[in-house]
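To start, the structure under review is shown below, and the notes come after it.
Just so you know, ligand 1 is whichever comes first in the structure, and atom 1 is the first atom listed for that ligand. Heavy-atom basis, side chains included; hydrogens, waters and symmetry copies ignored.
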Amino acid sequence: MNLFTLLFVTILSSSVHASPVSPIQKRDVFTPPITYPTNTTVWNKGEVHNVTWDISGAPVNITNRFGGRIQLRAGGLITPLILADSFDVLLGTYPVTVPWVISGDDFQLVFFGDSGDFSAEFTINGVPE
Ligand SMILES: *[C@@H]1O[C@H](CO)[C@@H](O)[C@H](O)[C@H]1NC(C)=O
Ligand SMILES: *[C@@H]1O[C@H](CO)[C@@H](O)[C@H](O)[C@H]1NC(C)=O
Ligand SMILES: *[C@@H]1O[C@H](CO)[C@@H](O)[C@H](O)[C@H]1NC(C)=O
């Protein structure tokens, strides 16, 4: 591959592995499983819901502990929509406001502590297509 292709691939792969923490920094990986929403959850636009996750497996020292982020995924693709950011990953629950989106049943949340963890697919009643 030529230099341009190489550069492009490098940008692509670095964005896939994007992490808020410097790679040289030693840290404990903590990607807690999301326990709510579940695969039977239905949210309506504008509502506030408490996303919850299991903190029982948390290591003693978590680097970037206050860098929790919840982002929306739709149809298997991560969207740029951030529902919550810069919260303590040891809280175990955090309120989010359901965004105004086109209605669908293949939404997921992505929880970024270290690498991302996906929730089950759930439904958002937003705006008709
Ligand atoms: C929903 O989750 C439950 C519990 O994990 C599981 O038993 C069930 O098969 C799931 N249903 C679907 C449609 O994925
Ligand atoms: C979310 O949690 C807060 C604080 O515990 C509680 O007051 C509120 O009723 C919860 N909201 C929902 C939708 O469960
Ligand atoms: C956690 O951090 C403290 C203070 O930096 C350190 O003394 C301790 O050994 C660490 N524990 C683990 C399990 O890494």
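Under a 3.5 Å cut-off, the side chain of Gln71 and the backbone N or O of Thr79 do form a donor-acceptor pair.
Judged by the 6.0 Å and 45° rule, Arg73 forms a cation-pi pair with Phe118.
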Within the protein, flag every N or O under 3.5 Å from an N or O of ligand 2, and note the pair and distance.
from	atom 1	to	atom 2	distance (Å)
ligand 2	2 (O)	Asn50	OD1	3.4
ligand 2	2 (O)	Asn50	ND2	2.4
ligand 2	11 (N)	Asn50	ND2	3.0
ligand 2	14 (O)	Asn50	ND2	3.4

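In this structure, Tyr94 and Asn50 have side chains that are not in contact, with every pair of non-hydrogen atoms separated by 4.5 Å or more. A heavy-atom distance below 4.5 Å is not found between the side chains of Tyr36 and Ile34. Contact check for Thr123 versus Asn125: side-chain heavy atoms found under the 4.5 Å cut-off.
Tested against Ile124 for a side-chain contact (heavy atoms from CB on, under 4.5 Å), the candidates Asp106, Asp105, Val98 yield a single pass: Val98.
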